[in-house]
There are 2 protein chains.
Amino acid sequence: MRVDARRNYERVLAAATAAFAEEGPDASLNDIARRAGVGPGTLYRHFPNRQALQAAVLSERIEKLCGRAEELGSDEPAAALTAWLRALLMHARTDQGLGGAVLAGPVDLGLDCQQAIHRSGAALLTRAQRAGGIRTDVTVDDVVQLVAGIALAARHGTDPDQPDRLLCLVTDALHSPSE
Amino acid sequence: MRVDARRNYERVLAAATAAFAEEGPDASLNDIARRAGVGPGTLYRHFPNRQALQAAVLSERIEKLCGRAEELGSDEPAAALTAWLRALLMHARTDQGLGGAVLAGPVDLGLDCQQAIHRSGAALLTRAQRAGGIRTDVTVDDVVQLVAGIALAARHGTDPDQPDRLLCLVTDALHSPSE
DNA sequence: TGTACATCAGTGAACGCGCGTTCACTGATGTAC
DNA sequence: TGTACATCAGTGAACGCGCGTTCACTGATGTAC
């Protein structure tokens with residue numbers, strides 16, 4: 001990759017990160033190019049569409065999230081799940097709900113972003129279920145969807161720690177009440 | 001109100017209902033006017049902005065929802081709450097998430113739409129809490145937000161009865177586990 | 001090391017699109033006589 | 001009941017806007033000699 005190409009790639013990525021953080025998932029692509037001090041064409045050279053850009057912005061964070069899941073793999077199963085779900089909620093709320101929108105969205109980012117999250121979540125969930133104390137009638141998809149929902153609904157909320165409270169409610173619910 | 005005005009009002013409302021059902025909350029206003037066989041100006045005469053139109057479309061349903069809450073007022077408290085939350089979820093999912101978007105949205109519809117829902121919910125919730133068996137550390141706002149979140153996240157989901165499953169999880173969570 | 005050149009990247013004006021919104025005009029309605 | 005008229009409603013072409021996207025052209029980069 002040529003040095004100027006790499007430089008502009010970085011610039012666009014940084015501008016996109018800032019724009020998504022400020023404007024949310026629907027930030028204008030032209031505006032992102034403008035912020036990056038770059039022509040629209042340059043943006044398109046590197047990122048063929050909005051999803052590619054969103055994926056690029058999120059991928060680093062998603063990797064961290066999956067890394068965190070591995071770290072938690074040695075903790076007490078149920079606690080590890082709870083802790084990771086909290087991290088997942090943080091992720092889903094980043095950039096005005098970009099994370100959550102991608103999680104719940106119709107788009108398949110092509111990359112294994114979402115799949116990676118599901119894999120990480122599945123590992124923690126099934127481990128906790130096998131260890132007992134966590135409901136077995138819940139799928140990873142359910143949990144991820146719930147967390148995404150909390151993040152999406154919270155986007156325009158006024159109470160800043162409502163999402164955490166709701167997550168607590170959900171994690172409580174995961175601790176099987178019947179057995 | 002003149003007879004032609006009333007007629008067009010109804011037409012626009014019907015067209016809006018259909019459009020929201022098909023396209024979701026962001027359906028084009030020009031398109032709605034077109035469906036109604038009416039000029040854009042006519043639409044604006046009756047509904048100054050999109051929110052007014054959304055409110056008009058939803059208001060009837062919201063009234064029903066509040067009516068249902070009153071009906072349930074004589075049932076067993078916890079069961080009544082659960083049943084109403086299910087109805088609320090149905091509402092939030094109508095029209096591709098229009099109900100949920102309005103519930104969770106930043107907009108104050110001016111009307112007492114959302115307030116009415118909150119009032120109805122509050123009545124059922126506090127009654128159930130007083131009767132015991134329902135967590136007391138949860139507010140109406142929390143519950144409504146959660147239901148809206150489930151609806152929003154479900155918008156692009158593939159599993160048609162996932163929302164119901166998630167709601168069950170939530171209602172289970174409401175049944176206080178600690179006491 | 002220096003130069004010529006091919007290749008790749010960037011530019012940015014311009015396009016087409018659909019949106020929300022307006023407003024000068026036409027037409028329908030209801031009312032007063 | 002019939003007609004004149006004021007008022008209210010509807011029309012729809014047109015506007016401005018910002019969006020995503022393209023492409024002919026210019027410029028920077030790296031390479032071969």
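Chain A is the first sequence line, chain B the second, and so forth, proteins listed ahead of strands; every chain is numbered from 1.
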Item to complete: For A:Asn49, report the nucleic acid contact type (base, sugar-phosphate, nothing); a contact means any heavy atom under 4.0 Å.
Response: nothing
Going by purine N1 to pyrimidine N3 plus the second Watson-Crick contact, or the G-U wobble pair, all under 3.5 Å, which nucleotide sits opposite [N]?
{"N": "D:dG10", "value": "C:dC25"}
{"N": "C:dC19", "value": "D:dG16"}
{"N": "D:dT31", "value": "C:dA4"}

Over how many whole Å does the gap from [X] atom [atom1] to [N] atom [atom2] extend?
{"X": "B:Tyr9", "N": "D:dG10", "atom1": "OH", "atom2": "P", "result": "13 Å"}
{"X": "A:Asp31", "N": "D:dT21", "atom1": "CG", "atom2": "P", "result": "15 Å"}
{"X": "A:Leu43", "N": "C:dG12", "atom1": "CG", "atom2": "C1'", "result": "14 Å"}
{"X": "B:Arg35", "N": "D:dG12", "atom1": "CZ", "atom2": "C1'", "result": "20 Å"}
{"X": "A:Arg50", "N": "D:dG20", "atom1": "CZ", "atom2": "C1'", "result": "9 Å"}
{"X": "A:Tyr44", "N": "C:dA9", "atom1": "OH", "atom2": "C1'", "result": "17 Å"}
{"X": "B:Arg11", "N": "D:dT11", "atom1": "CZ", "atom2": "C1'", "result": "14 Å"}
{"X": "A:Phe47", "N": "C:dG10", "atom1": "CZ", "atom2": "P", "result": "11 Å"}

Fill in: Validation row: A:Leu13, A:Phe47 side chains within 4.5 angstrom (heavy atoms)
yes
Discussion item. Measuring only between side-chain heavy atoms, which start at C-beta, is A:Thr82 closer than 4.5 Å to A:Leu167?
Written reply: no
Fill in: Flag for A:His46-A:Asn8: side-chain donor and acceptor within less than 3.5 Å
no
With respect to the side chain of [X], which nucleotide from [options] is positioned closest?
{"X": "B:Pro40", "options": "D:dG12, D:dT22, C:dG10", "result": "D:dG12"}
{"X": "A:Leu29", "options": "C:dA9, D:dG20, C:dT11", "result": "D:dG20"}
{"X": "B:Ser28", "options": "C:dC19, D:dG12, D:dG20", "result": "C:dC19"}
{"X": "B:Ala5", "options": "D:dA9, C:dT11, C:dT21", "result": "D:dA9"}

Worksheet entry | Candidate list B:Ile150, B:Leu174, B:Val170, B:Leu125, test side chain to side chain contact (heavy atoms under 4.5 Å, CB included), partner B:Leu85, passing option | B:Leu174
Worksheet, complete the sentence: The side chain to side chain contact (heavy atoms under 4.5 Å, CB included) partner of A:Asp142 among A:Thr139, A:Val144, A:Val140 is A:Thr139
Fill in: Which residue lies more 5' along DNA chain D, comparing A:Gly41 with A:Arg34 via nearest heavy atoms
A:Arg34
Fill in: B:His46 side-chain N/O to D:dA9 phosphate OP1/OP2 under 4.0 Å
no
Worksheet item: Would one find a side-chain N or O of A:Thr42 under 4.0 angstrom from OP1 or OP2 of C:dA9?
Response: no
Item to complete: Hey, could you give me the CG/CG distance between B:Leu58 and B:Leu103, rounded to the nearest 0.5 Å?
Response: 8.5 Å
Practice prompt. Kindly indicate, with the supporting measurements, whether the criterion salt bridge (charged side-chain N to carboxylate O under 4.0 Å, His left out) is fulfilled by A:Arg135 and B:Asp172.
Written response: CA-CA 11 Å; A:Arg135 289 170 69 131; B:Asp172 280 3; 2.7 Å; yes
Worksheet item: How does each nucleotide of nucleotides 24-33 of chain D score, in 5' to 3' order, for protein heavy atoms under 4.0 Å: base (B), sugar-phosphate only (S), or none (-)?
Response: ---BBSS---
Fill in: Pair B:Arg165 + A:Asp137: basic N to acidic O under 4.0 Å
no
Worksheet item: C:dG20 base to B:Asn30 side chain: any donor-acceptor pair below 3.5 Å?
Response: yes
